[in-house]
Trainee: 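Take a look at this one; I'll ask things after.
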Amino acid sequence: MRRTAPMPKTERKSDHGDEALYALRHSTAHVMAGAVLELFPEAKFGFGPPVADGFYYDFDLPRPLTDEDLPRIEERMRATIARDLPFEHREMSAPDAIGFFTQRRQDYKVEQIEKLGGKDREDDTAGARNGKISIYQHGDFVDLCRGPHVKRTSEIGPFKLLSVAGAYWRGNERNPQLQRIYGTVWPTQKQLDEYLEKLKEIERRDHRALGRDLELFRIDEELGSGLVLWLPNLAIVREELETWWRQVHRARGYTLVYTPHIAHEKIYQRSGHIEKYGENMYGPLLLDEGTQRFWIKPMNCPGHIKVYQSKIHSYRELPLRIGELGTVYRYERGGTLHGMLRVRGFTQDDSHIFCSWAQAQSEIGKVFDLAMEFLRTFGYREPRIYLSTRPERRLGSDEMWDKAEKALADALGVREVPFQIDEGGGVFYAPKIDIKVMDAIGREWQGPTIQIDLNLPERFDVTFVNEKGERERAVMIHRVLFGSLERFVGGLIEHFAGNFPLWLNWEQAAIIPVRETARPYAEELAGKLRAAGFRVTLDDQPGDLRTRIKEAQRRKASYMLVVGDKEAVAGTVSVRRRGAGQGEEERGVKLDDLLARLVAERDTKALPADFQLRVTSAADALSS
RNA sequence: GCCGACGUAGCUCAGCCGGUAGAGCAGCGGUUUCGUAAACCGCCGGUCGGCAGUUCGAGUCUGCCCGUCGGCUCCA
């Protein structure tokens, strides 16, 4: 699963929170731009829209900004706010506006006016209506802008500038790069504080920091950037996930396979990967004096097709659901790598379902149900479903696209699942269903996807024999639930803040004898738990109890089981749950009761008691 | 890949205007056997990301490369 950018993009739809918040954010962006103009009279301005939780503005400046510039800009913004300037709106004809902004050397604004061409446009904050160009001004700062704004600068609430970053003009990497300042603004100080607190919470949950502290994973420069070492603790999490994944898939009629990690160039020529995806592939590996070329696999589909084609299939055998935890390698550009969330080698929980068109809708529905079960298991919530339809550049006939889109839509329709259509959002070879979910602190993540491949079955001539004894083209449904284990588990670390549910935790219980004398009892307890399949550490280190409790908490052991002479005599345990506060431990728990409780919690895959949903999205903050 | 910042011990960080590297935690060795979130003493540990250059002398200055971080672009 991929998290959407920590600093989310402009929301294109009318989803800016309410109008007042939109105006507030947008006005603050103007005030910031005005402050930048005061510091850099030669500044040129790009776009400066509101975004979720704040705003940004792009500038072309004579020198790079540093973090030290932000307080200076903030200071001037405060001065502007204190002057209580009005936001004045006026309109100009397009030629007048071009003349006006040309005179001010605002090349990007001029380009934008020319692009608008006097036509009504919905998509940009810079606006034109009925051939008139809309302008807003406060003080000396004049901007091409559709509005609306707050009435006066004094209405701007508590704000903070957050970061400086590079951004391409119009988001196109062939265009010049501008400097972007991100900021946030809120109606009240309390809301600003809450938002800043949420940013800190995000930092605390950062899987890279937790990954280091909890010895979960490591990325070593010498080994190669973007390549993840799963350390023993996280390897246990992965093993549990994989075991469960296999079990669930077998139960749902999947056939699990293994396919090789490198393959001959021939197959990637046929699949089109060399042509369409070659830039991202590792290779070629030259063998037999360079006469044979091999590539490292970037996707599992060709291998699964070969598995399917290992024999002729009758319609009676369909649907055939071929699954694999398939490890792939893709070259990603240096600047895009990010912990476990964006890597160069990863394992997909990939499956390809081969079926007839008549079966497609039902199969998609089954995948959808399975996807929802997965998300529920981990406590992800508020799933939002998107149906992404044919893009402009695509392969396959319109007739095929009609069928495929209909199968996806019908599968959702049968379940009465509300979904949104992402027009043109499909990939070039397939329409798809995307499921997006919220994590524990209200961030959106990309979840499972289901696609109907309209390319590979043709290229590989994938068929089955139908009731009439004819060869019929098979439908190929491509789906992932985790996506990649690296990204999914990286996301889980943040979602759980490192506090994994019992069934996944590498240290399910830490047994802590109070004194040496309780050691034999502690060992007996450890033995019983281990016999029941639990991962247990026995902390027989010297040191006082408080320290050993603290250490077990730091390691995020699910339970701390303290045993002393009293427990040894009574055959009980003192149970302290991870995250429990002072005096919350439970004394005198009978061994059998403890065991029963742990088994139940593990086997039901219960979410941990210290797992909480924290809802602090902008909309929630506003309504409070 | 692009823009900017950064790279000192396993981790977090100090190190002034260039003069031969320091702390806490962790680790190791002791002491302490303790009732629910930091006991005490000692020791080890660094080619200061790499390679060039400037200089009598570079962790400190310059260049190139690698990596990381914040974004952009791209994406499972």
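Small disclaimer: the values here were computed from a predicted structure and weren't measured. The chains referred to below are lettered A, B, ... by the order of the sequence lines, with proteins before strands, and numbering in each begins at 1.
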Trainee: Please list each protein N or O that sits under 3.5 Å from an N or O in nucleotides 27-30 of chain B, with the distance.
Mentor:
none

Trainee: Apply the syn/anti split at 90° from 0 to C17(B) and say which one it is.
Mentor: syn
Trainee: Could you measure between the two P atoms, the one in C2(B) and the one in G10(B), and give it in whole Å?
Mentor: 31 Å
Trainee: For residues 212-234 of chain A, which residues have at least one heavy atom under 4.0 Å from RNA chain B?
Mentor: Arg212(A), Glu221(A), Ser225(A)
Trainee: Stems in RNA chain B: runs of 3 or more consecutive Watson-Crick or G-U pairs, distances under 3.5 Å?
Mentor: B:1-7 with B:66-72, B:10-13 with B:22-25, B:27-31 with B:39-43, B:49-53 with B:61-65
Trainee: Answer with yes or no whether Glu173(A) presents, from its side chain, a donor or acceptor under 3.5 Å of a partner atom in the base of C72(B).
Mentor: no
Trainee: Go through the steps for Tyr57(A) and Phe55(A) under the test ring-ring contact (aromatic ring centres under 6.0 Å, His included), then give the verdict.
Mentor: CA-CA 7 Å; Tyr57(A) 213 117; Phe55(A) 58 88; 9.1 Å; no
Trainee: Please tell me if the side chains of Tyr268(A) and Lys297(A) come closer than 4.5 Å, counting only heavy atoms from C-beta onward.
Mentor: yes
Trainee: Gln177(A) or Val427(A): which one's nearest nucleotide on RNA chain B is closer to the 5' end?
Mentor: Gln177(A)
Trainee: What distance, rounded to whole Å, do you find between the two C1' atoms, one in A76(B) and one in U20(B)?
Mentor: 50 Å
Trainee: Tell me if the CD atom of Gln582(A) is crowded by more than 12 foreign heavy atoms within 6.0 Å.
Mentor: no
Trainee: State whether the number of non-hydrogen atoms from other residues, nucleotides or ligands found under 6.0 Å of Glu239(A) atom CD is greater than 12.
Mentor: no
Trainee: Would you mind reporting whether Tyr282(A) and Trp295(A) have side-chain heavy atoms less than 4.5 Å apart?
Mentor: no
Trainee: Is any NZ, NE, NH1 or NH2 atom of the basic residue among Asp434(A) and Lys432(A) found under 4.0 Å from an Asp or Glu carboxylate oxygen of the other?
Mentor: yes
Trainee: With P as the reference atom in both, quote the distance from A38(B) to G22(B) in angstrom, rounded to an integer.
Mentor: 32 Å
Trainee: Suppose you measure atom C1' in U8(B) against the same atom in G15(B); what distance do you get, rounded to whole Å?
Mentor: 9 Å
Trainee: Is it true that Thr389(A) and Glu423(A) share a donor-acceptor pair across their side chains at a distance under 3.5 Å?
Mentor: yes
Trainee: With C1' as the reference atom in both, quote the distance from G45(B) to G27(B) in angstrom, rounded to an integer.
Mentor: 9 Å
Trainee: Could you tell me whether Arg174(A) atom CZ has more than 12 heavy atoms of other residues or ligands within 6.0 Å of it?
Mentor: no
Trainee: Specify whether Trp244(A) and Phe374(A) have parallel, tilted or perpendicular ring planes, treating 30° as the upper limit for parallel and 60° as the lower limit for perpendicular.
Mentor: tilted
Trainee: Just to verify, what does Arg390(A) make a side chain to side chain donor-acceptor pair (under 3.5 Å) with, not counting sequence neighbours?
Mentor: Asp402(A), Glu405(A)
Trainee: Show every donor-acceptor pair shorter than 3.5 Å between a side-chain atom in residues 218-229 of chain A and any protein atom, with sequence neighbours excluded, or say none if there are none.
Mentor:
| from | atom 1 | to | atom 2 | distance (Å) |
| --- | --- | --- | --- | --- |
| Asp220(A) | OD2 | Glu222(A) | N | 2.8 |
| Asp220(A) | OD2 | Leu223(A) | N | 2.9 |
| Ser225(A) | OG | Arg344(A) | NH1 | 3.4 |

Trainee: Is any side-chain N or O of Arg180(A) under 3.5 Å from a base N or O of C3(B), one able to act as donor and the other as acceptor?
Mentor: no
Trainee: How do Ala165(A) and Tyr168(A) order along RNA chain B: which one's closest nucleotide is nearer the 5' end?
Mentor: Tyr168(A)
Trainee: Rounding to an integer number of angstrom, what distance separates C69(B) and G53(B) when you compare their P atoms?
Mentor: 32 Å
Trainee: Ring-on-base stacking between Tyr182(A) and G71(B), under 5.5 Å between centres and under 30° between planes: is it there?
Mentor: no
Trainee: Using a 4.0 Å heavy-atom cut-off, does Val343(A) contact any base of the nucleic acid, only the sugar-phosphate backbone, or nothing at all?
Mentor: base
Trainee: Parallel, tilted or perpendicular: which fits the ring planes of His338(A) and His207(A), with parallel below 30° and perpendicular above 60°?
Mentor: tilted
Trainee: Just checking Tyr277(A): base, sugar-phosphate only, or nothing, at a heavy-atom cut-off of under 4.0 Å?
Mentor: nothing
Trainee: What's the gap between G49(B) and A9(B) when it is taken at their C1' atoms, as a whole Å value?
Mentor: 14 Å
Trainee: For nucleotides 32-40 of chain B, read 5' to 3', which letter fits each nucleotide if B means a protein heavy atom sits under 4.0 Å from the base, S means only the sugar-phosphate is that close, and - means neither?
Mentor: BBBBBBBS-
Trainee: For Glu215(A), look at atom CD and say whether over 12 heavy atoms of other residues, nucleotides or ligands are found less than 6.0 Å away.
Mentor: no
Trainee: How many whole angstroms separate atom CG of Leu65(A) from atom C1' of G71(B)?
Mentor: 13 Å
Trainee: Under a 4.0 Å threshold between the charged nitrogen and the carboxylate oxygen, would Arg577(A) count as salt-bridged to Asp610(A)?
Mentor: no
Trainee: How far, in whole Å, is A21(B) from U60(B) if one measures between their C1' atoms?
Mentor: 12 Å
Trainee: When you compare the side chain of Leu502(A) with that of Phe534(A), does any pair of heavy atoms fall below 4.5 Å?
Mentor: yes
